[in-house]
Amino acid sequence: MILAETRGKALWLSLNRPERRNAMNPDMIRELTRALSGDIGQRHHLVVLEGKGPDFSSGADLNWMREGLQQPPELLASESLELARLFRCIWESPVPVLTLVQGRALGGAMGLIAASDLVLAREDALFGFPEVGLGLVPATIAPYVRQKTGLGHALALMLTGRIFGAAEALSLGLVHQTSSAGSWEANAGRLVETLSSHGREALSGIRTLLRDPRLLGFDDGMDRFTAGEIARFRTSADAQERMTTFLNAHGKV
């Protein structure tokens with residue numbers, strides 16, 4: 001259900017159920033979680049997440065949903081916990097996660113998107129939270145969507161369950177760049193190339209830094225923490241090499 005391939009410095013993970021519009025089920029969730037675990041931070045600069053076929057993902061698999069009608073609450077809670085941990089695995093990835101979205105991205109797929117660091121969407125992509133129409137709440141998705149859009153927008157999208165386009169997703173912060181179909185692959189390639197050109201430690205450090213609660217202190221503790229991070233990275237081997245190369249190329253000023 002998941003294809004994993006190393007291309008250069010990137011680990012490409014592809015949702016590979018195009019005949020089911022890449023609908024998510026427990027097997028796919030587990031495969032994705034395994035692929036995102038382990039030592040990827042030691043082997044890759046970034047992860048690229050994509051969906052094979054015309055759609056990124058239509059959300060939960062209908063057969064899985066049908067089975068859930070007969071499942072005991074304990075099993076439903078256990079499978080939901082696996083989904084929640086997948087989203088957190090993406091959020092806490094040691095390297096940036098770039099997600100490429102085409103076609104429809106609904107329900108659980110929005111959790112993959114919201115937990116990612118960068119999202120490139122085709123201009124004709126469609127997004128939505130249809131859970132409310134089924135009498136459900138998008139609970140495992142909610143923390144990441146709220147983090148990206150803010151409370152007000154998250155409420156409006158989840159309460160109405162309406163489908164919205166890539167331009168609106170861009171304005172809400174769920175998507176960071178849109179692309180026409182004709183330039184889709186080229187733009188994706190440029191983003192991967194840009195991230196691959198940077199130091200792995202710096203990429204990881206930026207992700208960790210921006211999620212650290214100490215950034216919210218606006219006090220002496222925050223100042224000491226941020227100053228210490230600058231010093232720590234300036235003395236790293238990668239930064240020393242890159243700064244030396246840059247300074248040698250530009251000469252004295």
**Derivation and outcome, side-chain contact (heavy atoms from CB on, under 4.5 Å), residues L15 and I2** = CA-CA 5 Å; L15 311 182; I2 298 298; 3.6 Å; yes
**Item:** Closest approach of Q42 to R200 (non-hydrogen atoms, all atoms of both residues)
**Value:** O-NH1, 2.8 Å
**Asked** In terms of heavy-atom contacts, does CD of Q70 have more than 12 from other residues, nucleotides or ligands at under 6.0 Å?
**Response** no
**Message:** Can you confirm whether Q177 is buried at CD, in the sense that more than 12 heavy atoms of other residues, nucleotides or ligands lie under 6.0 Å from that atom?
**Reply:** yes
**Request:** Flag yes if more than 12 heavy atoms outside R21 fall under 6.0 Å of its CZ atom; otherwise flag no.
**Result:** no
**Prompt:** Cut-off 3.5 Å, side chains only: do T194 and S197 have a donor facing an acceptor?
**Reply:** no
**Request:** Starting from the C-alpha separation in whole Å, work towards a yes-or-no answer on side-chain contact (heavy atoms from CB on, under 4.5 Å) for V119 and L100.
**Result:** CA-CA 6 Å; V119 180; L100 308 177; over 6 Å; no
**Prompt:** Closest heavy-atom contact between A35 and L11?
**Reply:** O-CD2, 4.0 Å
**Message:** Does either side chain, that of N22 or that of S57, offer a donor lying less than 3.5 Å from an acceptor on the other one?
**Reply:** no
**Asked** Within a reach of under 6.0 Å around CD of E168, are more than 12 heavy atoms found that belong to other residues, nucleotides or ligands?
**Response** yes
**Item:** Whether F127 and F164 hold their rings parallel, tilted or perpendicular, with breakpoints at 30° and 60°
**Value:** parallel
**Message:** Check D61 with R66, please: is the shortest side-chain N to carboxylate O separation under 4.0 Å?
**Reply:** no
**Neighbour count above 12 (heavy atom, 6.0 Å) for R146 CZ** = no
**Fill in**
From the list R207, H44, R88, side-chain contact (heavy atoms from CB on, under 4.5 Å) with S93 holds only for R207
**Prompt:** Near H153 NE2, under 6.0 Å, is it more than 12 heavy atoms from other residues, nucleotides or ligands?
**Reply:** no
**Message:** Using a strict threshold of under 4.0 Å (side-chain N to carboxylate O), is an ion pair present between R232 and E229?
**Reply:** yes
**Request:** Answer whether the closest heavy-atom distance between the side chains of R211 and W91 falls below 4.5 Å.
**Result:** yes
**Message:** Looking at every non-hydrogen atom in both residues, tell me the closest pair between I141 and F87 and how far apart they are.
**Reply:** CG1-CE1, 3.9 Å
**Message:** As a quick check of understanding, evaluate side-chain contact (heavy atoms from CB on, under 4.5 Å) for L157 and L172, giving each step before the final call.
**Reply:** CA-CA 10 Å; L157 295 172; L172 295 172; 3.6 Å; yes
**Prompt:** Do the charged groups of R104 and D124 touch, with an N to O distance under 4.0 Å?
**Reply:** no
**Prompt:** Under a 4.5 Å side-chain heavy-atom rule over Ile, Leu, Val, Met, Phe, Trp and Tyr, are V95 and W12 clustered together?
**Reply:** no
**Complete:** What one should report as the nearest heavy-atom pair of S179 and L120 is CB-CD1, 4.0 Å
**Whether over 12 other heavy atoms sit under 6.0 Å from E193 CD** = no
**Request:** State, without any angle test, whether E50 and S14 hold a side-chain donor-acceptor pair at a distance under 3.5 Å.
**Result:** yes
**Item:** V47 with L118, same ILVMFWY side-chain cluster at under 4.5 Å
**Value:** no
**Asked** What do you reckon, is CD of E185 surrounded by more than 12 foreign heavy atoms closer than 6.0 Å?
**Response** no
